Amino acid sequence: MSLRFTDEEFQNAWKELDEPQLEGGWELFVETMGVKIYRLYDKETGLYEYKVYGVLTTCTPELCADVYMDLTYRKDWDGYVKELYEKDFDGQSAIYWEVKYPFPLSNRDYVYVRERKDLDMDGRKIWVILAKSSPETPCPEKSGVLRVKDYKQSVSLESDGAGGTKLFMNYFDNPGGNIPTWLVNWAAKVSLLCRLTAVHGNKHI
């Protein structure tokens, strides 16, 4: 079954490895671990969308892609995971992910689709992973858990020519509910840094 990502979406993702698209209000947020994180304020939600550019020196692009796709490994490094698995929902393959929130906040869960393509673009090997919420997937909501319906992520990777990985990532997450926007934005930043640390520090799976 198609995971509903177009060739154009894959192309737009990997093209930012060469041509960062930062017009329209993007601002440099933080620089760490060899990458720069930019953010764009969304007036409607009060939240930020993020873009990450840089080089991970300790990981090849293929291994980075494997790490991003490895749900079992995610459970090892992400202490906020309560449930995480991929399954077939009435013929639709999707991922279910429940995230632990501190009391008195309700946990959040995600139902999303993702797709990985290992591309050969005129001799360049590029790995692209796209993910987004899939509200049409027939996965029942749980009592006491809020369903996140506005989530997207893209990751593009290629060799830096020196044994490392050139990286581009785009990320947005709106957990909904009555959480102060400053807290949501802080959590998003921590989540991004955790992802980078997991990949940067991983030597093998």
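Fair warning: this is a prediction, and the values are worked out from it, not measured in the lab.
K36 contributes no side-chain N or O that, together with a main-chain N or O of L28, makes up a donor-acceptor pair within less than 3.5 Å. Checked by atom type and distance alone, the side chain of K75 pairs as donor or acceptor with a backbone atom of L84 at under 3.5 Å. A donor-acceptor distance shorter than 3.5 angstrom exists from the side chain of E16 to the backbone of Q21, with no hydrogens or angles considered. When atom types are taken as modelled, the side chain of N107 and the backbone of L146 share no donor-acceptor pair closer than 3.5 angstrom.
With rounding to the nearest 0.5 angstrom, the CG atom of D160 is 6.5 Å from the OG1 atom of T165. K142 NZ to R147 CZ: the interatomic distance, rounded to the nearest 0.5 Å, is 9.0 Å. Distance SG/C139 to CG/D90: 10.0 Å, rounded to 0.5 Å. Separating the OG1 atom in T137 from the NZ atom in K87 is a distance of 11.5 Å, to the nearest 0.5 Å. Distance check: L56 CG to K166 NZ gives 12.5 Å after rounding to the nearest 0.5 Å. With rounding to the nearest 0.5 Å, the separation of CG in D66 from CG in L157 is 10.0 Å.
Annotation: side chain of V148 is not in contact with side chain of Y112 (no heavy-atom distance under 4.5 Å). Residues F89 and S134 are not in side-chain contact: their nearest non-hydrogen atoms beyond the backbone lie 4.5 Å or more apart. Proximity of I37 to Y48: side-chain heavy atoms (C-beta onward) are nowhere separated by under 4.5 Å. Here the side chains of T57 and V55 are in contact, with some heavy-atom distance below 4.5 Å. At least one side-chain heavy atom of Y110 sits less than 4.5 Å from a side-chain heavy atom of V99. The shortest side-chain heavy-atom distance between L167 and C64 does not fall under the 4.5 Å cut-off.
Within 6.0 Å of CD on E44 lie no more than 12 heavy atoms contributed by other residues, nucleotides or ligands. Atom NZ of K149 has 12 or fewer neighbouring heavy atoms from other residues, nucleotides or ligands inside a 6.0 Å radius. Around atom CD of E141, more than 12 heavy atoms belonging to other residues, nucleotides or ligands sit under 6.0 Å away. Shown here is D120, whose CG atom has more than 12 heavy atoms of other residues, nucleotides or ligands within 6.0 Å.
For Y96, the ring pair (Phe, Tyr, Trp, His ring centres under 6.0 Å) partners two or more places apart in sequence, or in a different chain, are Y85. Partners of F10 by ring pair (Phe, Tyr, Trp, His ring centres under 6.0 Å), not counting sequence neighbours: none found.
Remark: aromatic rings of Y53 and F168 are close, center separation under 6.0 Å.
The shortest heavy-atom contact between G25 and L40 is C-CD1, 3.5 Å. Between Y68 and I129, the closest heavy-atom pair is CB-CD1, 3.6 Å. The shortest heavy-atom contact between Y80 and D78 is N-OD1, 2.9 Å. In this structure, P61 and S159 approach most closely via the heavy-atom pair CG-N, 3.5 Å. Taking all atoms of both residues into account, the shortest heavy-atom contact from L71 to E86 is CD1-N, 3.9 Å. Counting all heavy atoms, side chain and backbone alike, N174 lies closest to F172 at CB-CE2, 3.9 Å.
With salt bridges taken as basic N to acidic carboxylate O contacts below 4.0 Å, one links R116 and D118. The pair K152-E49 meets the salt-bridge criterion, since a charged nitrogen lies less than 4.0 angstrom from a carboxylate oxygen. Salt-bridge annotation for R108 and D173: absent, with no side-chain N of the basic residue lying under 4.0 Å from a carboxylate O of the acidic one.
Between E27 and Y41, the side chains place no donor N or O within less than 3.5 Å of an acceptor N or O (distance only, hydrogens not considered).
One hydrophobic cluster, built from ILVMFWY side chains closer than 4.5 Å, holds both I95 and Y171.
The side chain to side chain contact (heavy atoms under 4.5 Å, CB included) with I126 is formed by just one residue from the set K117, K15, E158; it is E158.
Using cut-offs of 30° and 60° for the angle between ring planes, the Y151 and W97 rings count as perpendicular.
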